[in-house]
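Data first, discussion second: the structure below is written as structure tokens.
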Amino acid sequence: MPDHKIDPNKWIDLYSDYLFNYTITRVSDREIAQDLVQETFLAGLKSMKNFKGEASERTWLISILKRKIIDHYRKINSNKGKAEVRINYTDDESEGDWLEERVADPFDKTAEDTLQNSELGDAIHDCLGKLPQKQADVFKMKTILNYETEVICNELNITASNLWVIIHRARTAMADCLKTNWF
């Protein structure tokens, strides 16, 4: 049976350099890397009771750190395309600051975007035409029309597990076809 004991008092001496080196190669910023390692140690302390001993302490800390790095990049990417507009105003009754966060307009398309979307649509249509009829029907209903599983099963008289086999095969075939015909 594995040993479930961990000793957070030794983490800094044993793992901080390794975790820092692991992190710096992924974020390329010393301060961010240090912060992520600290957050990892803190999260490890908070979740010590969840440590089952199925992996080494270091492997367990690395798995926490990987999630911290992913969260870091998610946070960065969620702020992309946003801008702030700050306006100072004064009128007869009041004065102050007004702050608006502007999110990138999804309808602000260039001619190149429109052309790519049109080409992708044509490629999808062509690839759908190459699928067996049942796969094409299931793919359209589930992926394009967003029908619920139960509706599709009732309409096509298939079981839910059969639906998932068909949709998996259709998606695999579509991906292969798009790789060949669009990329």
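- Hydrophobic clustering (ILVMFWY, side-chain heavy atoms < 4.5 Å, transitive): L42 and F51 are in distinct clusters.
- Counting only heavy atoms from C-beta outward, the side chains of L36 and R26 never approach each other to under 4.5 Å.
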Quick one: do D71 and R74 satisfy side-chain contact (heavy atoms from CB on, under 4.5 Å)? Show the steps, please. CA-CA 5 Å; D71 290 344; R74 280 188 183 141; 3.7 Å; yes
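- None of D17, L19, I32 except one satisfies the side chain to side chain contact (heavy atoms under 4.5 Å, CB included) rule with V37; the exception is L19.
- A 6.0 Å sphere centred on CZ of R169 holds no more than 12 heavy atoms belonging to other residues, nucleotides or ligands.
- In terms of heavy atoms, A170 sits closest to F139 at CB-CB, 4.0 Å.
- Using a cut-off of 4.0 Å between Lys/Arg side-chain N and Asp/Glu carboxylate O, K10 and D13 are scored as not salt-bridged.
- Between F41 and W11, the angle of the ring planes stays under 30°, which puts this pair in the parallel group of the 30/60° scheme.
- The hydrophobic clustering, which links ILVMFWY residues whose side-chain heavy atoms are closer than 4.5 Å, places V165 and M141 apart.
- Closest approach of I24 to N21, counting heavy atoms only: CG2-O, 3.4 Å.
- The distance from the CD1 atom of I70 to the CG atom of L65 is 10.0 Å, given to the nearest 0.5 Å.
- Residues L131 and A173 approach most closely at CD2-CB, 3.4 Å, considering heavy atoms.
- Contacts classified as salt bridge (Lys or Arg N to Asp or Glu O under 4.0 Å) and involving residues 30-51 (residues at least two apart or in different chains) are not found.
- A salt bridge (Lys or Arg N to Asp or Glu O under 4.0 Å) check over residues 140-161, counting only residues at least two apart or in different chains, returns nothing.
- L163 and C153 get closest at one heavy-atom pair: CB-SG, 4.1 Å.
- The CD1 atom of I152 sits 14.0 Å away from atom CG of N157, with the distance rounded to the nearest 0.5 Å.
- For the atom pair D29 CG and H72 NE2, the distance stands at 7.5 Å (nearest 0.5 Å).
- Here the closest non-hydrogen pair linking A136 and L128 is CB-O, 3.8 Å.
- For the pair Y22 and K66, the minimum side-chain heavy-atom distance is below 4.5 Å.
- Annotation: the span from H168 atom NE2 to Q135 atom CD amounts to 10.0 Å, rounded to 0.5 Å.
- Atom CD1 of I158 sits about 4.0 Å away from atom CD1 of I166, to the nearest 0.5 Å.
- At most 12 heavy atoms of other shown residues, nucleotides or ligands fall within 6.0 angstrom of atom CD1 in I12.
- For the pair T40 and Y15, the minimum side-chain heavy-atom distance is 4.5 Å or more.
- In this structure, OH in Y147 is found 10.5 Å from CG in D137, a value given to the nearest 0.5 Å.
- Counting heavy-atom neighbours within 6.0 Å of D7 CG, excluding the residue itself, gives a total above 12.
- Side chains of P132 and K134 form no contact here, defined as non-hydrogen atoms less than 4.5 Å apart.
- Nearest heavy-atom pair across P8 and I6 is CD-O, 3.5 Å.
- Counting non-hydrogen atoms of neighbouring residues, nucleotides and ligands closer than 6.0 angstrom, the CZ atom of F20 exceeds 12 such neighbours.
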